Amino acid sequence: MTKLLEWLLGASLIGMAWGLVTFDLLDLQLPPQYRELAWPMPVYLLVVFGCYSLATVGYRVATFNDCEDAAKELQAQIKEAKEDLKKKGLKMPPSPVNRPLPVCRTRRK
Amino acid sequence: MASRRGNAKTGEQSDKYSVLLPTYNERENLPLIVWLLVKYFGESGYNYEIIVIDDGSPDGTLQIAEQLQKIYGADKILLRPRAKKLGLGTAYIHGIKHASGNFVIIMDADLSHHVSTLPLKQKEGGYDLVSGTRYRGDGGVYGWDLRRKLISRGANFVTQVLLRPGASDLTGSFRLYKKEVLEKLVEQCVSKGYVFQMEMIVRARQLGYTVGEVPISFVDRVYGESKLGGNEIVSFLKGLLTLFATT
């Protein structure tokens, strides 16, 4: 089953349960508190999910690692690599016009 | 799935890692990547080969690759070029045909950090697939502004909710596969570009393969910042929804 079908199935099941309770489709004569509770549930759940999403993404952005050390190490290795390769006889063909050079620039923004 | 290679000691002797490097206009990056790979594999003692699959780069990448082959030996650097730019999936298929290793490592042209973490992790858990992640452990990025981080984490969150892929970072392409696993997956995957990378992991989980993760530090080397504009976001969402509907 594809994810889409899983979601459709899940949504249908929940939708049916919600409809059953809210609109009393099976004529179960449930106490009014059940209906009052069930009625706003979809919106309520969406809001809860929305808040959860914002909080999760916010947290993850805040804790997104910045690899200063890795960048420094890589820059040093690039230098070492270029020197070593030159020693071993690597010759770079003439650069085509307007080609950017591989420099690790410090970002400004 | 436990490794079927038997005793760890004898296993290490017979494990060989084939690194596939599809290249297009990478004449400046290629020597650096190869140098780093040779360095890390040399230090780790693993048996390896590097297969350069150049798609007819007009900037002379193939000539650079030939020089590297002279420097490091034709047993370590294999050249399997193609006439023109034919896409990632077919590059992998092409590369696998010539790979003599039992493990295949795939990496982007600008990401070559500590390649030995991949075999290490694989041996740890006998995984069918090991994927680099920027989002777990001490993985991370360098030089990203808030906007880019937000988009990245936001997109990843949507992906996790919709696809529940069992891996924290789907769009990375720093991975190790058992060769037969890669063959099977490439057969099954139909997307293009980076969505193809995402599809590989999703299908891997569906087929019951085990996926391990290693943290990676993602450092943009060549292009300052990749443009994460409206177009990229739209095409990402399109790819994501396609995977949602078809896997």
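In this text, all values refer to a predicted model and were calculated from it rather than measured experimentally. Letters A, B, ... are given to chains in the order of the sequence lines, protein chains preceding strands, and every chain is numbered from 1.
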If we ignore hydrogens and angles and just use 3.5 Å, is the side chain of B/Q160 paired with the main-chain N or O of B/A167 as donor and acceptor? yes

Does A/R60 count as lying over the ring of B/F157, i.e. NZ or CZ under 6.0 Å from the six-ring centre, within 45 degrees of the axis? no

Test side-chain hydrogen bond (donor to acceptor under 3.5 Å, both in side chains) on B/T61 and B/T23; report intermediate values, then the result. CA-CA 8 Å; B/T61 303; B/T23 60; 5.2 Å; no

Quick note, salt bridge (charged side-chain N to carboxylate O under 4.0 Å, His left out) partners involving residues 208-217 of chain B, not counting sequence neighbours, are B/R136-B/E213

Is A/K87 salt-bridged to A/E83, going by a charged N under 4.0 Å from an acidic O? no

Just by distance, do the side chain of B/D55 and the backbone of B/P22 share a donor-acceptor pair under 3.5 Å? no

From B/L68 atom CG to B/L30 atom CG, the distance as rounded to the nearest 0.5 Å: 5.5 Å

Residue that, paired with B/T117, satisfies side-chain contact (heavy atoms from CB on, under 4.5 Å) out of B/V130, B/I216, B/L176, B/V214: B/V214

Can you name the residues of residues 5-21 of chain A that have some heavy atom under 4.5 Å away from a heavy atom in chain B? A/E6, A/W7

Listed by residue number, which members of residues 238-247 of chain B have a heavy atom under 4.5 Å from any heavy atom of chain A? B/F244, B/A245, B/T246, B/T247

Side-chain H-bond candidate by donor/acceptor type, B/R134 with B/T171, under 3.5 Å: yes

Check each atom of A/Y59 against the heavy atoms of chain B and say whether the ones under 4.5 Å are side chain, backbone, both or neither. neither

Which atoms of B/V158 come close to chain A, meaning under 4.5 Å heavy atom to heavy atom: side chain ones, backbone ones, both, or neither? neither

Would you give me the side-chain donor-acceptor pairs under 3.5 Å for residues 200-207 of chain B, sequence neighbours excluded?
{"unit_1": "B/R203", "atom_1": "NE", "unit_2": "B/E199", "atom_2": "OE2", "d": "2.9"}
{"unit_1": "B/R203", "atom_1": "NH2", "unit_2": "B/E199", "atom_2": "OE2", "d": "3.1"}

Between B/L150 and chain A, which part of the residue has a heavy atom less than 4.5 Å away: side chain, backbone, both or neither? both

